Structures are given as structure tokens and as C-alpha cells.
Amino acid sequence: QDVDADQRFTPRLFKYHERLSSLAGAGFGKFLCTVRAPDRTVISRYNFAMDEAFAAAFPSVSEFVHKTRGVLGVFPDMWGTYVEMWKCRHLLSNVLVLVFEDLVKLPSTTLARVATFLGHGELSGNAPLLDQVARQCSKSRMLEMVSKFDDRWVYERISQRRSPADAEPFKPKARVTSGHKDVLDE
């Protein structure tokens, strides 16, 4: 998803893994913030970084946690980010905090909240449409279109603006897979 590319739909949405305060002064936009259970967040981070070298250094999720002592590389201040989002949830009308596990378990209900937040409350009562959107956003559907989620454009943009070394964590690879390690083993 190149932010500079023409978009078919409005509002435009963009995924961002930094604190809300890093956008201070932007004066625009609505922000959908997603928090996740801490253990699932660590597992997700482990799977996100997985490649041969990473697997050799950290053969298990638990070893990753023990060796890094919670330092999560690309997301070094995840807990501070979560605290900031939580504080903003009732203070700012342009911030909606979603719980990832609710999105997975109750996708249509969560999508109705998102539609209302984005100014399309009339869609929140359209169960067939919400169910269709939920199906199109499911992991199984994402696996059918896995190349759309490989962060290719992030890698290219960082390579152009900074250096290939800075872009290395975003080298295109499948970010949506069915073969993740899903549990802490200790």
C-alpha cells in the first residue's frame, strides 16, 4: 500500500507502528489503534522477524524472549505505545482503540464500531455487508493474496530514503502465513 498511490476508496487508511505522539501536529486523520494480548504480541513479533538467521539465533519463542529480555527490535517501545493509546481512547474523538482478539472473535461487531467511527454509521446495521467485509479481511482470504501484505513498498521506500541496511527488516517476505509458532514453550 503506497501512501502516494491513487486509492480507490475513501477514507484512506494507512498502517503505522509508532506512537500517536509521533504524529503530533499533523492535525489530520482518525486513528484506529490496535492492542493485543502481550503474549500474542511477542509471538507475532517473533513470527514477523522469522527467517533462517533469526531461527538459528532464536529457535523458540521462549528463547527469543529470554535472550532479548523483551526488546522487540522494530517495536522497541511497544508498552509505552500501548499506554499512550489507552490514555488517548477517551480523550481524543479521532482515536479508536480496538482489541485485536475482539477483531478476530467478533469481526462484524468490531467492523460496525469502525464504520461508525469513520463516519459511516449507516453501515453498522448492514449485517450482510459487514459479514462480507469480515470474510474479505479474514486470514484465509489474506493468504490467498499474500503478496499484497509483504511490505514490499515499505522496503523500497526505506531503501530510497535511508539505506538498504535500515530497510533490511522490511525485506519482502510473507507476513501472513499459516505456519507460525503459536505458543510460548515455557
Side-chain angles (χ1 to χ4, degrees), residues 1-4 7 9-50 61-62 64-66 68-121 123-124 130 133-134 136-139 141-142 148-151 153-155 157-158 161-162 166-167 169-170 175-177 180-184:
Q1 294 184 3
D2 186 339
V3 294
D4 296 324
Q7 304 293 314
F9 304 101
T10 59
R12 292 177 67 172
L13 300 176
F14 179 71
K15 176 179 74 172
Y16 190 63
H17 286 170
E18 300 295 333
R19 286 182 175 225
L20 287 169
S21 59
S22 70
L23 296 170
F28 66 89
K30 291 187 175 187
F31 301 91
L32 296 169
C33 302
T34 307
V35 295
R36 191 172 191 183
D39 62 325
R40 303 302 299 172
T41 301
V42 171
I43 291 167
S44 179
R45 177 66 187 107
Y46 176 84
N47 290 317
F48 180 85
M50 184 56 67
V61 177
S62 292
F64 169 66
V65 171
H66 293 302
T68 62
R69 299 186 189 271
V71 177
L72 300 178
V74 175
F75 313 108
D77 191 18
M78 179 183 62
W79 308 120
T81 300
Y82 275 19
V83 168
E84 186 174 278
M85 286 189 276
W86 195 249
K87 287 179 178 179
C88 289
R89 76 191 190 287
H90 294 302
L91 298 175
L92 302 172
S93 62
N94 64 335
V95 173
L96 176 63
V97 177
L98 303 171
V99 176
F100 179 82
E101 289 77 11
D102 291 347
L103 183 57
V104 171
K105 289 180 186 172
L106 305 165
S108 294
T109 301
T110 306
L111 289 168
R113 287 183 62 210
V114 171
T116 299
F117 174 72
L118 293 176
H120 294 284
L123 301 177
S124 65
L130 292 173
V133 171
Q136 291 174 330
C137 296
S138 69
K139 187 171 184 176
R141 180 72 173 124
M142 291 172 71
K148 292 182 183 264
F149 306 102
D150 68 3
D151 286 339
W153 79 268
V154 174
Y155 176 77
R157 182 67 55 94
I158 292 173
R161 294 189 177 179
R162 292 191 228 163
D166 289 338
F170 299 97
R175 303 294 185 188
V176 181
T177 72
H180 286 165
K181 295 183 181 224
D182 291 327
V183 295
L184 287 168

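Numbers here are sequence positions counted from 1. Just so it is clear, the model here is predicted, and its values are computed rather than measured.
To the nearest 0.5 angstrom, Thr34 atom OG1 is 8.0 Å from Tyr82 atom OH. With rounding to the nearest 0.5 angstrom, the CG atom of Leu96 is 8.0 Å from the SG atom of Cys33. Interatomic distance, Arg36 CZ to Leu103 CG, rounded to the nearest 0.5 Å: 10.5 Å. Asn94 CG to Phe117 CZ: the interatomic distance, rounded to the nearest 0.5 Å, is 6.0 Å. Atoms OG1 and CZ, from Thr110 and Phe100 in turn, are 11.0 Å apart once rounded to the nearest 0.5 Å.
Heavy-atom minimum distance, Leu98 versus Arg113: CD2-NH1, 3.7 Å. The shortest non-hydrogen separation linking Leu130 to Ser124 is CD1-O, 3.3 Å.
Remark: Ile158 pairs with Val154, Arg162, Asp166, Ala167, Phe170 by the side chain to side chain contact (heavy atoms under 4.5 Å, CB included) rule, at least two apart or across chains. Residues satisfying the side-chain hydrogen bond (donor to acceptor under 3.5 Å, both in side chains) test with Arg141, not counting sequence neighbours, are Glu144. Every side-chain hydrogen bond (donor to acceptor under 3.5 Å, both in side chains) that Ser108 has, sequence neighbours left out, goes to Asp131. With sequence neighbours left out, the side chain to side chain contact (heavy atoms under 4.5 Å, CB included) criterion links Val133 to Leu111, Leu129, Cys137. For Val99, the side chain to side chain contact (heavy atoms under 4.5 Å, CB included) partners are Val35, Glu101, Asp102, not counting sequence neighbours. Looking at residues two or more places apart in sequence or on another chain, you find no salt bridge (charged side-chain N to carboxylate O under 4.0 Å, His left out) involving Arg89. With sequence neighbours excluded, no residue forms a side-chain hydrogen bond (donor to acceptor under 3.5 Å, both in side chains) with Thr109.
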